[in-house]
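For reference, the structure discussed in these notes is given below.
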Amino acid sequence: MTSPVYDVVIIGGGIVGAACAAECSAEGLRVAIVEAKMIGGGATAAGMGHLTVMDDSEAQFALTRYSQKLWDGLRDELPPEVEYDACGTIWVAADDKEMREVERKYKFYSERGVAVEVLDAQSLKEAEPSLRPGLVGGLRVAEDSVIYPPCAAQFLVDRARGQGARVFVGKAVQEITPDGVRLRDGSVLSAGLIVNAAGSWSPELTRGIDVKTRKGHLVITDRYPQFLRHQLVELGYLKSAHTMTAESVAFNIQPRRTGQLLIGSSRQFEVQESTVDVSILNRMLSRAIEFLPGLAKLSSLRAWTGFRAATPDKLPLIGPSVEQPRLYLATGHEGLGITTSLGTAKLLVDQIVNRKPVIPIEPYLPARMAMSGAELAHV
Ligand SMILES: Cc1cc2nc3c(=O)[nH]c(=O)nc-3n(C[C@H](O)[C@H](O)[C@H](O)COP(=O)(O)OP(=O)(O)OC[C@H]3O[C@@H](n4cnc5c(N)ncnc54)[C@H](O)[C@@H]3O)c2cc1C
């Protein structure tokens, strides 16, 4: 038997695969990363690039917070095109009920060491003068930040290459084999381990994993550098992000380093067409204008869609496949994959080299799905 050429072959050059390639190669592993189209061109190009802590569950908090700190540690090394901006987030409360949610989030985050501040109506207005009058308050999360994801993915791939990784761009994996991958051009890369980091395409290569597509729309405006200071998200966004069926829109807006405003977002389950749905777009923009009336006068440049890779429990799959020896999964990051890419890569490598991870790994293991019968037999 000949020994494999690579210790690890990573399928997918989105932010998750890129982070895994950088981390595996930093560990001294012989790495190949295979991207069918272009680095950072999938969901990574479509996303907002909000690096944010979230508190849907302890596991979601642990991974987002861990990852946020990793991004923070990397910030001085990021090139200008990654547009790292420590703008912070304000969760906006429209009524007293949402203000109670602000207080709950304040308690949750501050108990776990996250710098948060409750804003009353007046301080919200001072923080973001373009918001409409009548809003009740908000929660400022100062350590949240924003990046431009495709350039971050390219930076991580370049780092991996500098550490000895081979990068195959424009090469699609046709099939995961027992000892590596077969590319669509017929060539074979032999590997000790394979990592499926193909995002919403991951089920095409690993049948049976419970990863479904969740379509989202975004709009970008022309440059209005004075309009906004923080990433703003309505508290109703949580309702939208939690809806597992049908479609929803929620107000979510981001100031870009370029002075542009990135407006989101929508969620539609299991819609396959990538075309912009004008009715969803109109609902999304109307919602944003309800919060920021001045938006109605600004010019938008482009609208697009992307697909989040969603799991039933809203946590990614990070770890060995239950069905296929030598296969690891790093997929299912839904709307948080830019944030959690760095934590994912650390947790993956910890498992590969058998090292104790910094945060408990169990909530992200693919085996949790198999236990509930979600990972079907590989045929
Ligand atoms: C509208 C929207 C807004 C978002 N906002 C945020 C946000 O603000 N913050 C945040 O943290 N996350 C956000 N996300 C989520 C984030 O974009 C994703 O979770 C993340 O990009 C997933 O990265 P990935 O590398 O897993 O997948 P992708 O970026 O989709 O990468 C997968 C790659 O695999 C490649 N591939 C597929 N099949 C093959 C094959 N057979 N062979 C080789 N390569 C293959 C694809 O070409 C692709 O490049 C958002 C997503 C959307 C859609």
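All values reported here derive from a predicted model rather than from experimental measurement. Residues take their numbers from the sequence shown, with the count starting at 1. One-based numbering, in listed order, for ligands and for the atoms of each.
On a distance-only criterion, Glu35 and ligand 1 share at least one N/O pair closer than 3.5 Å. Taking only nitrogen or oxygen atoms, main chain and side chain alike, Ile15 reaches within less than 3.5 Å of ligand 1. In terms of polar-atom proximity, Ile338 is counted as a contact of ligand 1, with an N or O under 3.5 Å from an N or O of the ligand. Any N or O atom pair closer than 3.5 Å counts here, and Ala36 shares at least one such pair with ligand 1. Polar contact check, Thr340 against ligand 1: no nitrogen or oxygen pair lies under 3.5 Å apart. Considering backbone and side-chain atoms together, Gly306 places no N or O closer than 3.5 Å to any N or O of ligand 1. Of the polar atoms of Gly40, none of the N or O atoms is found under 3.5 Å from an N or O of ligand 1, judged by distance alone. Every N/O-N/O distance between Gly47 and ligand 1 stays at or above 3.5 Å. Of the N or O atoms in Ala330, none lie within a sub-3.5 Å distance of an N or O in ligand 1. In terms of polar-atom proximity, defined here as any N/O pair under 3.5 Å, His50 does make such a contact with ligand 1.
The proximity of Glu334 to ligand 1, defined as any non-hydrogen pair under 4.0 Å, is limited to the backbone. With a 4.0 Å cut-off on non-hydrogen atoms, Leu51 does not touch ligand 1 at all.
The shortest side-chain heavy-atom distance between Val9 and Val195 does not fall under the 4.5 Å cut-off. Ile11 has its side chain within reach of Leu205: a pair of non-hydrogen atoms, C-beta onward, lies under 4.5 Å apart. The side-chain heavy atoms of Leu135 and Phe291, taken from C-beta on, include a pair separated by under 4.5 Å. Side-chain contact check for Gln122 versus Glu126: some heavy-atom pair is nearer than 4.5 Å.
Counting the atoms of ligand 1 from 1 in the order shown, those under 4.0 Å from a heavy atom of Trp201 are 30 (O), 37 (C), 38 (N), 46 (C), 48 (C). Ligand 1 places these atoms under 4.0 Å from at least one heavy atom of Leu336: 10 (C), 11 (O), 12 (N), 15 (C). Close approach of ligand 1 to Leu205 (heavy-atom distance below 4.0 Å) involves ligand atoms 41 (N). Atoms of ligand 1 lying under 4.0 Å from at least one heavy atom of Val16, given by number and element, are 23 (O), 24 (P), 25 (O), 26 (O). Close approach of ligand 1 to Val34 (heavy-atom distance below 4.0 Å) involves ligand atoms 43 (C), 44 (N). Short contacts between ligand 1 and Gly199, defined as distances under 4.0 Å to a heavy atom of the residue, involve ligand atoms 26 (O), 27 (O), 32 (C). Near Thr339, with a cut-off below 4.0 Å to any heavy atom, the atoms of ligand 1 are 10 (C), 11 (O). When each atom of ligand 1 is checked for a heavy atom of Ala43 under 4.0 Å away, the hits are 17 (O), 21 (O), 28 (P), 29 (O), 30 (O).
Using modelled atom types, one side-chain atom of Gln260 and one backbone atom of Thr221 make a donor-acceptor pair closer than 3.5 Å.
Two rings, from Tyr84 and Tyr148, have their centers 6.0 Å or more apart.
With respect to Glu58 and Arg112, a salt bridge is recorded, a charged nitrogen being found less than 4.0 Å from a carboxylate O. In summary, Glu234 and Arg287 engage in a salt bridge, as defined by a charged side-chain N under 4.0 Å from a carboxylate O. Salt bridge absent: Arg140 and Glu128 never bring a charged side-chain N and a carboxylate O closer than 4.0 Å.
For atom 31 (O) of ligand 1, the closest non-hydrogen atom on the protein side is Gly14 CA, 3.4 Å. The shortest contact between atom 29 (O) of ligand 1 and any protein heavy atom is with Thr44 OG1, 2.5 Å. Regarding atom 5 (N) of ligand 1, its nearest protein heavy-atom neighbour is Met48 N, 3.0 Å. Annotation: atom 40 (C) of ligand 1 to nearest protein heavy atom, Val173 N, 3.7 Å. With hydrogens left out, the protein atom closest to atom 34 (O) of ligand 1 is Gly12 CA, 3.3 Å, a heavy atom. Closest protein heavy atom to atom 36 (N) of ligand 1: Ala198 CB, 4.1 Å.
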- Query: Is there a side-chain hydrogen bond (donor to acceptor under 3.5 Å, both in side chains) between Asn196 and Thr206 once you walk through the steps?
  - Reply: CA-CA 8 Å; Asn196 183 347; Thr206 307; 2.9 Å; yes
- Evaluate the salt bridge (Lys or Arg N to Asp or Glu O under 4.0 Å) criterion for residues Asp158 and Arg161: first the C-alpha distance (whole Å), next the side-chain angles of each, then the deciding distance (0.1 Å), finally the verdict. CA-CA 5 Å; Asp158 290 344; Arg161 191 190 274 113; 3.1 Å; yes
- Item | Working for salt bridge (Lys or Arg N to Asp or Glu O under 4.0 Å), residues Arg368 and Asp313 | CA-CA 10 Å; Arg368 75 185 191 277; Asp313 63 5; 2.6 Å; yes
- List the steps and the verdict of side-chain contact (heavy atoms from CB on, under 4.5 Å) for Leu183 and Val173. CA-CA 4 Å; Leu183 305 186; Val173 171; 3.8 Å; yes
- Let me see the working for Glu98 and Lys105 under salt bridge (Lys or Arg N to Asp or Glu O under 4.0 Å), right down to the final yes or no. CA-CA 10 Å; Glu98 290 184 357; Lys105 278 172 98 63; over 6 Å; no
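Ligand 1 has Gly335 within reach: a non-hydrogen atom of the residue lies less than 4.0 Å from it. Ligand 1 lies within reach of Gly49, whose nearest heavy atom is under 4.0 Å from it. Ligand 1 has Ala172 within reach: a non-hydrogen atom of the residue lies less than 4.0 Å from it. The closest approach between any non-hydrogen atom of Ile11 and ligand 1 is below 4.0 Å.
Between Phe61 and Tyr109, the two ring planes are tilted [angle within 30° to 60°].
Side-chain contact of Arg256 with Gln254: a donor-acceptor pair under 3.5 Å is present, judged by distance alone. For the residue pair Thr89 / His230, no side-chain donor-acceptor distance below 3.5 Å is found, with atom types taken as modelled.
By heavy-atom distance, the residue among Arg308, Gln254, Lys37, His333 lying nearest atom 53 (C) of ligand 1 is Arg308.
For the pair Lys215 and Val271, the tightest heavy-atom approach, listed with the atom from each and the gap, is CD-CG1, 3.9 Å.
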